Amino acid sequence: MGKYIIAGNWKMNKLPSETYEFVKEVAEKTKGASCEVVCCTPYVCLAPAIEAAKGTHVKIGAENLHFEDSGAYTGEVSADMLCDMGVNYVIIGHSERRQYFAETDETVNKKTKKALEKGLIPIVCVGESLDEREAGVTMDLITMQVKKAFAGINADDMKKVVIAYEPIWAIGTGKTATADQAEEVCGGIRKVLSELYDDATAKAVTIQYGGSMNAKNAAELLEKENIDGGLIGGASLKSEDFSIIVAAAK
Ligand code: PGA
């Protein structure tokens with residue numbers, strides 16, 4: 001299955017002035033990790049994060065990007081800008097961006113293509129709301145999100161993509177999907193990828209679970225066959241908790 005990746009999503013937390021020391025701490029506490037370790041930070045924290053990660057195993061990611069190369073898009077940040085700084089990963093289509101910033105499957109598709117074109121590794125988020133889960137349409141919805149997010153992306157590029165399955169009802173709520181619920185959807189995503197591409201591509205894609213993953217529940221989730229890592233919000237803000245999750249990803 002895909003290579004194991006544990007990525008922190010700081011969201012709108014931490015100051016630039018706290019970043020250098022924190023990333024150094026993460027690097028120190030996760031030394032010798034058997035998975036890829038990524039910190040995705042606010043734009044303004046990227047420079048000190050990259051500085052701190054230099055010469056360590058830690059990779060740095062952004063939380064968003066714009067799909068155009070440049071131009072009159074006040075307040076936006078392009079893929080070239082991120083690459084120029086030394087950013088490796090970028091989160092795309094997080095449910096908070098879909099909910100509060102009107103991102104759609106179409107913009108997710110454009111952003112994913114732009115990230116791949118520029119050599120950034122996209123972490124593309126999909127996930128259902130509580131209403132959708134209760135209505136029994138979880139897998140239909142996720143299938144649609146996956147098909148639309150990756151429309152027009154070839155198998156070679158697809159192999160570089162990371163997908164984060166994040167049930168919206170589990171994000172920041174302390175309510176984790178059970179390991180079986182998470183595995184069911186992650187396995188379902190892998191099946192959709194085999195149908196859209198082929199088995200080899202489906203196996204190469206890293207599929208993360210995200211949504212209240214923490215130091216206590218990480219091992220059980222990461223043990224599952226189709227869960228190749230985690231996208232961690234709250235627990236990525238404490239280096240000790242984050243390092244315990246990293247250690248659970250073997
Ligand atoms: P959480 O956030 O771990 O705080 O639930 C996960 C995410 O939104 O990526």
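Everything quoted here is computed from the prediction, not taken from an experiment. Each ligand, and each atom within it, is numbered from 1 in the order the structure gives.
Counting only N and O atoms by type, the side chains of D198 and T201 include a donor and acceptor under 3.5 Å apart.
A salt bridge links D105 with R98: the closest approach of a Lys/Arg side-chain nitrogen to an acidic carboxylate oxygen falls below 4.0 angstrom. Ion pairing between a basic and an acidic side chain is recognised when a charged N comes within 4.0 Å of a carboxylate O; E117 and K114 show such pairing. Salt-bridge check for E240 with K29: passed, with a basic side-chain N closer than 4.0 Å to an acidic carboxylate O.
In this structure, G211 counts as a contact residue of ligand 1, since one of its heavy atoms falls inside 4.0 Å of the ligand. Remark: distances from the non-hydrogen atoms of A170 to ligand 1 include one below 4.0 Å. In this structure, G210 falls outside the shell of residues with a heavy atom less than 4.0 angstrom from ligand 1.
For a threshold of 3.5 Å applied to N or O pairs, the pair formed by G234 and ligand 1 contains at least one separation below that value. By the 3.5 Å distance cut-off applied to N or O atoms, T173 is not counted among the residues near ligand 1. Inclusion of I232 in the set of residues having an N or O under 3.5 Å from an N or O of ligand 1 is not warranted.
Taken to the nearest 0.5 Å, the CD atom of E166 stands 4.5 Å off from the CD1 atom of I171. Distance check, rounded to the nearest 0.5 Å: OH of Y89 to CG of L82 gives 14.5 Å.
Contact annotation: for N9 versus ligand 1, heavy atoms closer than 4.0 Å belong to the side chain alone.
Annotation for ligand 1: atoms under 4.0 Å from non-hydrogen atoms of E166 are 6 (C), 7 (C), 8 (O), 9 (O). Applying the 4.0 Å criterion to heavy atoms of H94 picks out, from ligand 1, the atoms 7 (C), 8 (O), 9 (O).
The protein non-hydrogen atom at the shortest distance from atom 3 (O) of ligand 1 is G233 N, 2.9 Å.
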